[in-house]
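Have a look at the structure below, then the notes.
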Amino acid sequence: MSELIPTIIAKYNYWIYITLMMIGLYAMIAKNNLVKKIVGMNIFQTAIILYYVSIGVKKGATIPISTGGHGAAHEAVHAADYLNPLPHVLMLTAIVVGVATLGVALALCLRIYSRYNTLEEDEILAQIRKK
Amino acid sequence: MLNKNEEKNLHNNQPETAPKNQSSFYFFPFLITFIVMFGIWMLLSGKFDPFHLSLGFISCAIVAFLSSDLLFPSPILKGKLTVFLRWLCYLPWLTIELYKANIHLVYLSLHPRMMDLIDPRIIKFKSTLDSELGLVTFANSITLTPGTITVNVSSDGDFKVHAIDKACADSLPGEMEIKIAKVFRKV
Amino acid sequence: MDIFVCILLFSGLFFLTAGSIGILRFPDFYSRLHPAGKLDTLGTLLAMLGLALFNLHHFSLGALLTSLKIMLIIIFVFVASPTATHAIVDAGVRAGLAPWTKGEKRR
Amino acid sequence: MKIIGLIITIITGAFLVYAAIDFPAWSDPNSPASTYLSPYFIENSMKDTSVPNYVTSLLADYRGFDTMFETTVIFTAGLVCFILLRISGGKEPETSHYRHVLTGVTVTLKKGHKIPESEDFERIDDLWTPPDLIIKTSCRLMIPFIQLFGLYVIAHGHSSPGGGFQGGVILGASIILLAISHDLRTALEKMREKVVAILCPIGVSIYAGTGTLCLLLGVNFLDYSALASVLHVDPIAARSHGIFMVEIGVGIAVMTTMIWIYNNISSAGKYNQGL
Amino acid sequence: MDNIFLYSSLYLAFLMVLSLYRAIAGPTVLDRMIGVNAIGSKTTVMLILIGLLYHRVDMFVDICLAYAMLNFIAVLAASRYFHKRKGLSDEI
Amino acid sequence: MFWQIDLAILTLVVVTAVASIMVKDLLGAAILFGAYSFLMCLLWSIMGAVDVAFTEASVGAGVSSVFFVAAVFRTSRRTKD
Amino acid sequence: METITSIKPLLAVLVSLLVTPMLVSSRNPNVREGWTFVAAIIKLAIVASMVPAILQGTEIVYTVAEVFPGVAIKFKVDAFGMLFALVSSSLWIVTTIYSIGYMRGLNEHSQTRYFCFFAIALSATVGVAFSANLFTLYLFYEMLSFATYPLVAHHQDREARSSGRKYLLYIVGASIGLVLPAMMICYNLTGTLEFSKQGIFTGTEPNATMLVLLLMLVLGFAKAGIMPFHSWLPAAMVAPTPVSALLHAVAVVKVGAFSVLRVLTGVFGIDLLARLNLGTVICYIAAFTVITASLIALSQDGLKRRLAFSTIGQLSYIVLGVALLSPKGMIGGMTHIAMHAFGKITLFFCAGAIFVATGKKNISEMVGIGRRMPITMVAFFIGSLSVIGLPPTGGFFSKWYLVQGTIQADQWPMLVVLLSSSLLNAAYFFPIVYKAFFCTPEEAMFENRIEEAPIWCVVPLVVTAAGSIALFFYPTLFLKLAELATR
Amino acid sequence: MSQQYPAILVIVPLLSAFAISIAGWVNKRLCFPIIVTALSVVVYASIGLLLTVLEKGVVIYHLGGWPPPVGIAYYVDHLNGLVLVVVASVALLNVIAAKKSIEQEFPDKAAPFYTLYILMVTGLLGIVVTGDAFNLYVLLEIAALTGYGLLAMGEERAQLSSLNYLYMGTIGACFYLLGVGYLYIVTGSLNMMDIARLLPPLYQSKAVLAAFIICMVGVWLKMAFFPLHSWLPNAYTHATSAASSLIAPLVTKVMVYVMIRLILTIFTPEFAFATMALNNVVVWLAVIAIVMGAILALAERNLKKMLTFIIVAEVGYMVGGAWLGNRAGMTGAILHIVNDALMTLCVFLVVGNIVYKVKGYAFEDLQGLFRKMPFTMGAFVVGAMSIIGVPPTCGFFSKWYLILGALQAGHYGFVAALIFSSLVSVVLFFRIFEICYYEPFSDHHGHDHPPEPMDEAPLLMVVPLLIVAVILILVGLYTGDIVNHIIKFAIPEGLV
């Protein structure tokens, strides 16, 4: 028990990312509405982004932009002073991919709606089966 | 979609200066937009080396080219500057009004028997303002000040306002309209 | 200076608090918009003003510009907030929401 | 389904929790992620590319290849929305509506008839509602500033947060705001469909083209230092400029894609009255 | 001063909880919009506070501005929904 | 990185996420999802990931919510869950 | 043993395959059948040209491509393969003539398809005959299975389709389900699949494995018709008679028997089988098949069905002969491939000719047919003599050797089986012939007027009947080949 | 120029995609020449790369001039050299064959279609060639997004199935991303080789274990491995023929490649097979996949859907083969990537031709096709034989290696499953042959149908198809060379 609490606190971000991810996953599996699933999908993606960003955090470091500005190229830079920029870069990509997926998914929803006039998966399937 | 009566009503309320003729290009609006934009650019950028300035130049030109007709829907610029200056002078007064109104609202919010104090209602009145910007300023000012929110404005100056209690409702149009009318009066 | 900043900041926070409480307590959608539209605007305004002032502590051109940028945000909020409030209330009217009148139950 | 979902979720979650026990503690400065590769970027970014924002240099140079594909992903999304939703022209609707601007009278015409070109009438759709005066006016005043801000963000990606993506999105959002506050037709007059559709690939091509230019100049793909000979600057500055060119390409692509997707979704491909 | 900012931020987070209650509880969509809008205005302040905490406020101002703009656009878009689709039959 | 704020916002984020998938109205879900994204943006700026925060503010929160609303506008708000 | 590398085996295989485009593209039936003839004759010529070399004891080898380490698509012509190839390619010519008569006589549809797949089937048959390893054999075996499917289901009606399905199910099911894994296991155990006299196994493998492998391989080549994998053959009799004749008396079923023999001699090796006493197992399975099939044949009324069950029984002779593991028995088994082929093809030709001329399929409807079609029925008589194994037909020699083999191997029960089955053979063939010729005029179902089938049908059956008799007097070629193979 | 091949491989299709997109607004007739030229260049470059690899060994290309752990690098070794050639040539052959049907099905959206098509090819090529774990994710998303678009362009149900694919695909990609994140948190690197170098001391870490499992689950989702396969059949069935004949041969195969790359390169076989000890579970899953795929295919009365279930079974082959944990099985899996891509292409092109002419692919639409479209159906027979696994065609040889691997691993269940699925394929395909071979039953109607005249698909569609059919046999005959000269070197020495 005495070890458990520090573990929980030291990795709070990781627990939350798992929670969020599971919320998203649950929504994607269990929800019946297509748009709801998309919401779940986005939560799922953001959870992963949260995870990555949490990797990049460093105690006592500042944001990954040089304080020196353009001119001060040759001052010594201490890596420990700055946050790890790599996960940030990766996550920029992930966010953009997320919005791209979102756009495509919504476009598909629109097409489906115009065809079946509903967004509930079971109703759509019932319509398909009837044919 | 629309209720028939309402549709007619709404249609009659139309402002006349919907941005049209996007293709036409006027030089003076362009220039003024450009200058305003460049000012903002310098503020935002904070870098005054040639590289960034030239970037700013290009950016401002792009924005001015794209959107000068949004900032200045009509090419007639006479008196706009005066109006703008007067509008700036109006702002401090508005801030004070805002402050006063908020004190009242805080009182309402935090009062334990708030439900008894308030008496919401929707009132209608007609404003004498005729310029579009004037109407919008007035509407936004109403929204920001004592217990009132503009629900709807027509281009003729018909206001529909939601007021939180009777006192607030009674204070309209009041002093504010006069002040704004002063700002937007013809030069 | 710090005290002045603190006063501004805290009064801003105070208005924001009142706004939040107001949003919770007012009985219907229209009346809730009052605290949301006004108190939040003012609260933001004051708090930001304080922060902009604080930023001028170590005065330099950069700091001044930053403070001016914060002022820019203030102006933006000043224009955008009533517009957003209006948009929401307009939506309520179009949605056909009847305003609460005295004596009704809280909605 | 709900129970199955719950079970799957719980199992997965438990597994992930189990795995997370072995992680280095959060915000530990000595974790491998913070000590292995990232110091290189932090310490050498200025030397290699003279870009103070490490994220930007990493994004557009060290891992520029990723970013190129990221932009392509955006472009793809736009294209997919287009291909899925856009109802291609040629089919005239049964009835068309025109509104007399001064009186607000709506004229409905059967197929085939047309109103002579004039200032007084504007084409509207059956879902038409008048734009709100306050929203319209305040947005009209805001849009140029938003656009300027977007351009500023693109231009200053080197030294402050932001860059092509963010600026591009803000630029796109300004046009979307125009469409929201006025209507889609107005926005389309600003940014025609064809312009959007052509600018978008051009934006990505600027990125890929910069890389190809480097390749043609005899070094590896996306190695901006080759641009030194073209721009007459030293290789480090050339990298900085290369990054800048790339950011512009990204900005254009992202802006147009956002507009493209919005146009298609909000009008369901009909390009009439939008949201 | 940092401590003041830190606790102010925490306080703002607490205020967000209050606004979030409105956003979650409803009862109408419009109430949710009010709640979200209120969260947005608090967030702008908080972003600046964080910038000050990092001592890099110049970097955060841009985000703050963009945030304010896009929050505005999002709220506007949501309210425009009712502009075109009046009420409809389902819950509002 | 300020763990106190981080903690508070993380909790809020979870609440918002749950709310946005539980709410029985798609427009409400879209709005709450917007709030979720904005909170995420805040979270990232707290963690010092300014560029990610910027991108999330513009892409994730702003444009995504607009897309959502547009899609809901073109389809239906009705949902059974 | 000397080996020669020559492309001839490949050519012999490819000839009929390459002619198919010509068949498909030719619009005129005469041209088409002309091509078939040309191919058949070239094929026979190529095969025959290799005979002298084989008779001198050399082997002809050709490797096409190595597909796995140690496994190649490779041809090897040895005496046994040559025997089989010779029989099938020479009978192809005869069958082609017969096909023309039969198909045109009945005005059948889709004749182009028929001739095409016939040609492909022949390619595959020769390929099996010449294959140098189990893999190549399997390849051509599968090819044959698929190529004969359209022939079996040629009539396209319900019955033909269901028979076709049954055919595929048995043949392909057994080959993929049993042969393929068995082959893989062999390869996994030994690393090679090459046929060789002493077998590919080292002999150290566990007995149970060997037994399972043996059963998988022997039963897996279901074309050999060993029970319980036999029932496709009667079903396949819905095919046009030339198909039944060549394929189900010569090519296909003999391919099965040939493959089994190859497996027994080339993969396991006689010595190993003898040492492990596995031959007896096969013997008993084959003997069971022989007796059962003959008994079933007795009760069949459909002429072709009776012939089919007869074939099942006769095929097991071949397997039985080799499984005796005695040299004489092996010679008997191998020559039986040729002898039975000539005999049985004659019988099928006759059945077809009867069908073409009268439309009758059942034995009970053939009373007195000898008066109407004397030539056909005489040929039928000769054919049945050959199958029973009575002189003066070639069948006598193979049976003679088989009997000697049983004695040599000390397998007395098998001798009994052989003799009793010969009796049964006689019992199901002679009544037909007897009823055809010797019946009272009241019983006769046909008018007393000679009306043979078309000349194209009659000539082949006369030729093959004559061949059967000729083999009694000149059996040396086949005997020599069989002796070479057992050496 | 030859040292730039890895870049050209991706850049040329990418740039041509934009060119096509623009050309679509200017002059539509330019699109097809551009795409064919670009893909030809790609094929040329990929073959050149493979030859270079065969000659000199692994080719490493530093993008942006940054050396590997810092920047992104491309690694081309024997494994992906082979897959590259397959991907490129399948794409080229398919686009030529699909031109007519694209023009028929969506005349006004041909240009965006071509753009998506070539972007997808770019994504797939990139996935195959990249040496960076995160770069792979981005490319995965490109391939996936284009895939959603292409698949959704089909008939009515296509959108729903495509949306389901999108959900599953996103989860899969996210899992993969998460796995990469787990690797990153323990190693701090993203480069595959670098990770492989850093990992061995960490093999006991739970995070690495989780990373492996999560990556695998993600990739399995993407490739429709058995319990996660539900999206595939509908998505592929309802798509247009031009799209499905690109996606069906390539996507699942490329994902199998990714899996093999993960096993062989990032987490070395020692970890995957020895430390994890999951072999048996996965192979049994593969067995179930094969059996279920076969059984579900039996239940279908629709050619295209049946083929999709066969794909599910084939995925089982490859996954099972790779997880047998020995050299023969791995060889079989890699060989099957090549073979399955080709044979799936073959049968899907046939479906495309049938749809072009007959406008349907339910079983009842297929009657009398052999007479009507002899060349198409001839190629179909070859493709079917290959799927069944009849010797001269290539399908047999990969099956051979798979069975051999299973025997060596002592996994008889897998052998049985392979045999079973072959038998089921026989039933499946001969059922179809029966229908299209014979004219309709004449015993009900009494009157004879006049034989339908030959009505073959256009030459542009038939010629690529026949080429594929010939390639199927050629690859079969030259399997020995492929295995001995390429695949042998693709598998690390450690795997016996």
Side-chain angles (χ1 to χ4, degrees), chain A residues 7 10-15 18-19 21-23 25-26 28-32 54-61 63-70 72-75 77-90 92-93 95-97 99-104 106-108 110-111 114, chain D residues 1-2 4-6 8-10 12-13 16-17 20-21 23 25-29 31 33-35 37-43 45-47 50 52-55 58-59 62-63 66-67 69-71 73-74 76-78 80-81 84-85 158-161 165 236 254 257 261 264-265 268-269:
Chain A
T7 325
K11 291 173 185 166
Y12 190 72
N13 269 36
Y14 299 132
W15 313 134
I18 292 169
T19 315
M21 198 165 150
M22 291 311 113
I23 292 169
L25 190 62
Y26 174 76
M28 286 184 80
I29 296 170
K31 292 287 166 183
N32 207 8
S54 304
I55 301 175
V57 177
K58 230 190 274 184
K59 210 173 272 168
I63 56 175
I65 297 173
S66 164
T67 42
H70 252 302
H74 302 294
E75 282 173 23
V77 181
H78 299 291
D81 292 345
Y82 295 96
L83 291 166
N84 182 356
L86 189 53
H88 300 180
V89 173
L90 305 183
L92 281 187
T93 311
I95 292 176
V96 171
V97 167
V99 78
T101 318
L102 172 73
V104 173
L106 290 177
L108 284 168
L110 253 63
R111 279 292 292 272
S114 70
Chain D
M1 206 61 206
K2 296 211 159 149
I4 298 172
L6 207 62
I8 294 175
T9 320
I10 289 171
T12 320
L16 291 178
V17 168
I21 293 171
F23 283 177
W26 183 60
S27 79
D28 176 12
S31 66
S34 307
T35 51
L37 206 51
S38 74
Y40 177 88
F41 297 121
I42 295 168
E43 283 160 11
S45 168
M46 282 300 276
K47 286 180 211 153
S50 84
N53 187 346
Y54 306 136
V55 176
L58 196 46
L59 183 80
Y62 295 109
R63 296 190 73 84
D66 269 353
T67 313
F69 282 113
E70 185 186 350
T71 322
V73 167
I74 279 283
T76 312
V80 171
C81 284
L84 281 180
L85 290 175
H158 282 44
S159 53
S160 61
F165 281 106
I236 293 171
V254 172
T257 313
I261 296 179
N264 277 310
I265 288 186

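Note that the structure is predicted; figures quoted are calculated from it, not measured. Every chain is numbered from 1 and lettered A, B, ... according to where its sequence line falls, protein lines coming before strand lines.
- A distance of 10.0 Å separates CG of Asp81(A) from CD of Glu43(D), quoted to the nearest 0.5 Å.
- In this structure, Asn84(A) CG and Ile55(A) CD1 are separated by 8.5 Å, a value rounded to the nearest 0.5 Å.
- The backbone N or O of Leu84(D) sits less than 3.5 Å from a side-chain atom of Arg111(A), completing a donor-acceptor pair.
- Of the atoms belonging to Ile236(D), not a single heavy atom falls under 4.5 Å from chain A.
- Rounding to the nearest 0.5 Å gives a distance of 9.5 Å between CG of Leu106(A) and CG of Leu85(D).
- Phe165(D) touches chain A through its side chain: at least one heavy atom from C-beta onward sits under 4.5 Å away, while N, CA, C and O do not.
- The residue among Gly56(A), Ser54(A), Pro64(A) with the most heavy atom pairs within less than 4.5 Å of chain D is Pro64(A).
- Top candidate by heavy-atom pairs under 4.5 Å with chain A, chosen from Thr35(D), Leu59(D), Val73(D), Val254(D), is Leu59(D).
- Your options are Leu110(A), Thr93(A), Ile29(A), Leu25(A), and the one with the most heavy-atom pairs under 4.5 Å with chain D is Thr93(A).
- At a 4.5 Å heavy-atom cutoff, the contact between Met21(A) and chain D is made by side-chain atoms alone.
- Only the side chain of Val80(D) comes within less than 4.5 Å of a heavy atom in chain A; its backbone stays farther off.
- Interface residue Ile18(A): only side-chain heavy atoms are found under 4.5 Å from chain D.
- Between atom CG of residue Asn53(D) and atom NE2 of residue His88(A) there is a gap of 11.0 Å, rounded to the nearest 0.5 Å.
- Contact annotation for Thr76(D): neither backbone nor side-chain heavy atoms come within less than 4.5 Å of a heavy atom of chain A.
- Per-residue counts of heavy-atom pairs under 4.5 Å with chain A were compared for Thr67(D), Thr257(D), Val17(D), Thr71(D); the largest is that of Val17(D).
- Interface remark: Leu90(A) contributes side-chain atoms only to the contact with chain D (heavy atom separation under 4.5 Å).
- Val99(A) has its side chain out of reach of Ile95(A): every pair of non-hydrogen atoms, C-beta onward, lies at least 4.5 Å apart.
- The parts of Ser34(D) that come within reach of chain A are both its backbone and its side chain, each placing non-hydrogen atoms under 4.5 angstrom from that chain.
- Within the 4.5 Å cutoff, side-chain heavy atoms of Ile65(A) are placed close to those of Pro161(D).
- Note: Leu86(A) CG to Tyr54(D) OH = 14.5 Å, rounded to the nearest 0.5 Å.
- Ranking Ile4(D), Leu6(D), Asp66(D), Ile261(D) against chain A, the residue ahead of the rest is Leu6(D), based on heavy-atom pairs under 4.5 Å.
- Of the listed residues (Tyr40(D), Phe23(D), Tyr62(D), Phe41(D)), the greatest number of heavy-atom pairs within a distance under 4.5 Å of chain A belongs to Phe23(D).
- Only the side chain of Tyr14(A) comes within contact range of chain D, with heavy atoms under 4.5 Å apart.
- Note that CG of Leu16(D) is 11.5 Å distant from CD1 of Ile21(D), once rounded to the nearest 0.5 Å.
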